[in-house]
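Notes for the one structure printed next.
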Amino acid sequence: MRWSKLFVPTLREAPNDAVAPSHRLLIRGGFIRQLHAGHYSLLPLGWRVHQKVAAIVREEINAIGGQEFLLPTMHPASIWMESGRWDTMGDIMFRFQDRKGAEVALGVTHEEIFATVAAELSSYKQLPQIWYHIQTKFRDEARPKSGLLRVREFAMKDSYSFDVDAAGLDAAFDAHDVAYKRIFARLGIPAFGVEASNGAMGGTDSIEFMTVADAGEDDVIVCRACDYAANVEKATSTLPTIDDGDSVAEIEKFPTPGVLTIAALEEFDGGASAERQLKTLVMVLDEVVTLVVLRGDHQLNLQKLADATAAIDIRPAGPEETQAALGARPGSLGAVAVDHHPVITDIALSGRVNMTTGANEDGYHFRGVSVARDLHTSQWADLREVQPGEACPNCGSPLEVDRCIEIGHIFKLGTKFSEVFDVTVSDADGKPVPVVMGSYGIGIGRNMAASVEANNDDKGMVWPVSIAPYEVVITLMRLDEETLAEGERIYHQLLAEGIDVLLDDRDARAGVKFADAELCGFPYRITLGPRGLKAGEAELGYRATDTNENIALGDVVSRVVDLVKAAKV
RNA sequence: CGGGUUGUGGCGCAGCUUGGUAGCGCACCUGCUUUGGGAGCAGGGGGUCCCGAGUUCAAAUCUCGGCAACCCGACCA
C-alpha cells in the first residue's frame, strides 16, 4: 500500500474525552473513530489489526480442533425464554420488535444458538466437538468506556465444547487454557489466569485471563510469593483467629445512645472492637428482604452474594424497608433471633461467640452474642471482600491487588444448556445422556486495545510484528527520481516476499513522516533518502527499541524478511 | 442508576461573568521559498456556536426544558 492513497487521519492531539492510553493512541493514529458511546468505526489501519488478531485467534482455536461457524446475531425471544435467560439477562440485552410485533434480541452470547444446532448430535461417537464463531455481540452496557476496551458492539470469538462426560470437558477446557495463553503471547499481551466468578452461568471451573493495566476494570487479588490469583469476586484469604474469650456469655442488651456506626461502637465504653462486632446489612434479593451478616470490619462483595444466592436483582434496602423489616434504623440493626427474613451469614463468623451487634431498637445493642446460638442463619456463604495485606490462602504471604483488564474467559457450563435444548447423545450403552458443555470467550477489539495498553511509549503505539497493521514502512525522505525508484524497488521486492509493507510516498516533510510512522507503531522502518543512497545505504529502524542501523541497499530486503519471519514464529 | 465535568469548523481551545451576530493554534486549499525529526511567507475555504422553547430591538452569551459525550461509583455471560 502507498501511504499517499491510504486513509490514515492522524491527529497531533487526542480528543479531550479520550483518557485510556489505547483509546487516545488508536484515535490519534487514525485507527478508530467513535460513532456514539460504545460503538466505534474501524478505519483501514484499525481493521487490519482487528483482522490479524482474529486470524491468530482462529489459528489457535483451529489448532485445538475448533470448527468455525457463523451464527446469527439477531435472535428470537423464544430461544432466550427457553433457557430462562430472557429474564436473567436484564438490561444488558438489546431487545426490540420486528414488523410483526415479535420480540427479538441482539445476541449478547451464543450458548443458546449453538445448543440448538448441537441438538442434532446423536451419538457419543461424534464427540468431542469444539465449535466456534467470530461474531458481533451486542451488550447494552451501563457504561461504555475507554475506547475499544468496553463497548456495546464488538466482535468476539466464542467457542463451545461438547463432550460425553466431565473428563472430556476437562480436556476441552485445558486445551482452551493452553490455546488462550498462546494467543495472548502472540498478541504481545502479558496475561495470567485467575479464579473467577461464574456469574449467573453456574458451572464449576471458571478462569478469567487478565492483563494488568490502569485502564482495567477488574480488581485481582494476587500473591507475589506463590501463584495464587483470583478476581475479588472470588478471592479468599486466611484470617488470624480472633480471641473471643474463654467463656460463652449470655446475651445482654445494653444502651448505646448515639452510637450508629461500627467505629463509634469501638470507641464506646462497653463496646467492642470491630472484629468482635457483627455488621448487619439489609439487602433486597429479588424483592425478598434479606439480612446479610458480616464481621464488623469486613466488606461485602456483591458478586459473591449474587453467586451464593443466584439472585438476579440485588439492592440495599431503603430506609422504610429497613424500618419495616427490623423495627429500627440503620446503626442499631442486628440479626439476633430474626426468623421472618432469610439470614445469610459470612463463613468468617463461623464459631464466633461473645459478639456485639445492634438490638433492632434504636439506641441499644446486644453483647454476648453467639453466632450459632443467637442467629437463625438460613445460609452460610463466603461473602467478604478480601483486602490487600491479608494472608494468601495458599502460602500465607501478604496479598496485593492489581487493576486488570479481562481479556478472556473460559468456563465449564456443564449440562444446563444441553438439558434445556435437548442436546443428548447415546452413550456406549445406548442410553441417552446430556452433552457436557464448556464456553470460551475472547473479545477481538478488546485484545487489540489491550495490546496497545501493553505496548506503547511517548511516541505512540508499538505493535508486535504479529498484529501490526503493516510490518514495515518505507519512508521516502525525498520524492526525487532516484529515491522514488529505489523505494519502489524495495517495496515490490518486499511485497513479493509476502511482507505487509507500506510505502510512505507522501509529499510531506521528514519529521511528519517519522512522527506518523512512530505513532502508528510499525515495527520496522526503512528510511531512504539521497544522503543514504549516495553511500549505497538505507537506514533500518526498530520501533520497539527506538534504535536504527545503516544497511547496504542490497541487503535490506533479505534482512527485513528475516526479521519479520523470525518475529512471527 | 447516583455523583461530577463538558458540548463553539476535522482536532485542541478562547469568547459567555458585563447580550451587539464568532476568533486563535493545528489540519485543509493555492502560490513562492524550503526540505534527514511535526517549515516560512502570502493569499484562501470551511462553523445549524448540541437541540428546543423563552426573554430581548438583538442570544454562542441570560432563563427553562431536553439530548449527547466523558470521568468516578454502582452495574457488567
Side-chain angles (χ1 to χ4, degrees), chain A residues 7 9-20 23-24 27-28 30 33-39 80 83-85 88-93 107-112 137-147 149-152 156 158 160 196-203 206 208 215 217-219 231 233 300-303 306-307 312-316 406 408-411 413 416-417 438-443 459-460 475-480 483 506-519 525 527-535 537-539 541 546 548 550:
Chain A
F7 182 64
T10 57
L11 299 173
R12 196 177 290 202
E13 295 178 273
N16 210 12
D17 53 14
V19 175
H23 188 191
R24 296 177 66 82
I27 288 180
R28 278 192 57 211
R33 285 293 184 267
Q34 183 180 45
L35 178 62
H36 60 145
H39 300 263
W80 288 87
S83 67
R85 296 164 99 189
T88 59
M89 277 297 168
D91 293 334
I92 201 78
M93 189 174 230
V108 295
T109 177
H110 282 78
E111 279 83 2
E112 279 84 351
K137 311 292 179 192
F138 291 89
R139 296 182 188 180
D140 193 357
E141 298 286 351
R143 184 148 99 86
K145 56 176 285 201
S146 305
L149 285 175
R150 183 161 215 81
V151 291
R152 303 201 301 173
M156 172 168 152
D158 45 323
Y160 303 89
S197 157
N198 286 13
M201 299 298 307
S206 174
E208 284 171 346
E217 304 178 273
D218 284 273
D219 285 325
N231 196 307
E233 299 173 349
L300 171 67
N301 182 286
L302 273 177
Q303 188 62 45
D307 290 348
I312 297 161
D313 182 44
I314 297 181
R315 62 177 174 84
E406 181 192 338
H409 192 177
I410 61 177
F411 59 100
L413 282 176
K416 174 186 160 89
F417 291 95
S439 172
Y440 318 89
I442 182 168
K459 291 178 176 173
T475 304
L476 303 181
M477 302 314 302
R478 300 287 288 270
L479 298 184
D480 62 88
T483 310
R506 293 176 297 168
D507 181 15
R509 302 179 69 80
V512 171
K513 293 188 174 194
F514 289 151
D516 276 348
E518 284 153 356
L519 173 60
R525 183 178 77 206
T527 307
L528 294 176
R531 205 167 73 188
L533 289 187
K534 200 165 291 176
E537 288 180 334
E539 180 189 287
D546 197 20
N548 54 60
N550 292 326

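Naming: A, B, ... by sequence-line order, numbering from 1 per chain.
- Between the C1' atoms of rU30(B) and rG12(B), the separation comes to 26 Å (whole Å).
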Within the sub-3.5 Å range, which N or O atoms of nucleotides 36-40 of chain B have a protein N or O partner, and how far apart are they?
| from | atom 1 | to | atom 2 | distance (Å) |
| --- | --- | --- | --- | --- |
| rG36(B) | O2' | R531(A) | NH1 | 3.0 |
| rG36(B) | O6 | G529(A) | N | 3.3 |
| rG36(B) | O6 | G532(A) | N | 3.3 |
| rG36(B) | N2 | E539(A) | OE1 | 2.7 |
| rG37(B) | O4' | G511(A) | N | 3.4 |
| rG37(B) | O6 | R525(A) | NH2 | 3.2 |
| rG37(B) | N1 | E518(A) | OE1 | 3.3 |
| rG37(B) | N1 | E518(A) | OE2 | 2.8 |
| rG37(B) | N2 | E518(A) | OE1 | 2.4 |
| rG38(B) | O2' | R12(A) | NH1 | 3.0 |
| rG38(B) | O2' | R12(A) | NH2 | 2.6 |
| rG38(B) | O6 | R28(A) | NH2 | 3.4 |
| rG38(B) | N2 | D516(A) | OD1 | 3.1 |
| rA39(B) | OP2 | R509(A) | NE | 2.8 |
| rA39(B) | O4' | R509(A) | NE | 3.4 |
| rA39(B) | N9 | R509(A) | NH1 | 3.2 |
| rA39(B) | N7 | R509(A) | NH1 | 3.2 |

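- What separates NE2 of H23(A) from C1' of rC71(B) is a distance of 12 Å, to the nearest Å.
- Checked by atom type and distance alone, the side chain of R152(A) never pairs as donor or acceptor with a backbone atom of D140(A) at under 3.5 Å.
- rU63(B) and rU17(B) have their P atoms separated by 9 Å, given to the nearest Å.
- Contacts of V108(A) with the nucleic acid, taken as non-hydrogen atoms under 4.0 Å apart, include base atoms.
- Within the model, atoms CZ of R478(A) and OG1 of T483(A) stand 7.5 Å from one another, a figure rounded to the nearest 0.5 Å.
- For rG38(B), there is no paired nucleotide, since no Watson-Crick or G-U wobble pair has both relevant distances below 3.5 Å.
- Between the CG atom of D219(A) and the P atom of rC72(B) there is a distance of 13 Å, given to the nearest Å.
- Taking every heavy atom of both residues into account, A215(A) and A20(A) meet most closely at CB-CB, 3.8 Å.
- Within 6.0 Å of atom CG in N550(A), more than 12 heavy atoms from other residues, nucleotides or ligands are found, so the atom counts as buried in its surroundings.
- Nucleotide rU61(B): unpaired (no Watson-Crick or G-U wobble partner with both distances less than 3.5 Å).
- In this structure, M156(A) reaches the bases: a heavy-atom distance under 4.0 Å links it to at least one base atom across the strands shown.
- Taking the nucleotide of RNA chain B with the nearest heavy atom to each of K137(A) and A14(A), the more 5' of the two is matched to A14(A).
- K145(A) and H23(A) share no donor-acceptor pair across their side chains, judged by distance under 3.5 Å alone.
- Contacts of S83(A) with the nucleic acid, taken as non-hydrogen atoms under 4.0 Å apart, are absent.
- An OP1 or OP2 oxygen of rC11(B) is reached within less than 4.0 angstrom by no side-chain nitrogen or oxygen of N16(A).
- Residues F514(A) and T475(A) come closest through the heavy atom pair CE2-CG2, 4.0 Å.
- Side-chain proximity of R143(A) to rG12(B), rC71(B), rA69(B): nearest is rC71(B).
- When both pairing distances are held under 3.5 Å, rG47(B) makes no Watson-Crick or G-U pair with any nucleotide shown.
- Heavy atoms only, all atoms of each residue included: V108(A) and F138(A) are closest at CG1-O, 3.0 Å.
- Counting to the nearest Å, the C1' atom of rA74(B) and the CG atom of D91(A) are 13 Å from each other.
- Pair assignment for rA68(B) gives rU6(B), based on Watson-Crick or G-U wobble hydrogen-bonding distances that are each under 3.5 Å.
- Residue K145(A) contributes atom NZ, which lies 16 Å from atom P of rA69(B) at whole-angstrom precision.
- Nucleotide rA27(B): unpaired (no Watson-Crick or G-U wobble partner with both distances less than 3.5 Å).
- rC57(B) and rU48(B) have their C1' atoms separated by 23 Å, given to the nearest Å.
- Nucleotides rU56(B) and rC64(B) place their C1' atoms 16 Å apart, quoted to the nearest Å.
- Atom name C1', nucleotides rG15(B) and rU34(B): the rounded distance is 36 Å, in whole Å.
- Remark: rU55(B) base-pairs with no nucleotide in the shown strands. Criterion, Watson-Crick or G-U wobble with two distances under 3.5 Å.
- A donor-acceptor contact shorter than 3.5 Å links the side chain of K513(A) to the backbone of L476(A).
- Counting only distance, with no hydrogens or angles, the side chain of R33(A) and the backbone of I27(A) share a donor-acceptor pair below 3.5 Å.
- Taking atom C1' on both nucleotides, rU8(B) is separated from rA22(B) by 8 Å, rounded to a whole Å.
- At whole-Å resolution of the value, CG in L300(A) and P in rA74(B) are 12 Å apart.
- In this entry rG19(B) has no Watson-Crick or G-U wobble partner, no candidate having both defining distances under 3.5 Å.
- Rounded to whole Å, the distance from CD on E217(A) to P on rC70(B) is 13 Å.
- If you measure from atom CD1 of I27(A) to atom P of rA69(B), you get 14 Å, rounded to the nearest angstrom.
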Between N or O atoms, less than 3.5 Å apart, protein on one side and nucleotides 29-33 of chain B on the other: list the pairs.
none

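- In this structure, D17(A) atom CG and rU8(B) atom P are separated by 10 Å, rounded to whole Å.
- rG52(B) and rA14(B) have their C1' atoms separated by 27 Å, given to the nearest Å.
- Taking the six-membered ring for Trp and thresholds of 30 and 60 degrees, H409(A) and F411(A) have ring planes inclined between 30 and 60 degrees apart.
- Q34(A) has no side-chain polar atom (N or O) that falls below the 4.0 Å cut-off from OP1 or OP2 of rA68(B).
- With hydrogens and angles left out, the side-chain atoms of E111(A) and S83(A) include no donor and acceptor closer than 3.5 Å.
- Comparing rC11(B) with rG54(B), their C1' atoms are spaced 34 Å from each other, to the whole Å.
- One finds the CZ atom of R24(A) at 9.5 Å from the CG atom of D17(A) (value rounded to the nearest 0.5 Å).
- Remark: rA74(B) base-pairs with no nucleotide; criterion is Watson-Crick or G-U wobble with both hydrogen-bond distances under 3.5 Å.
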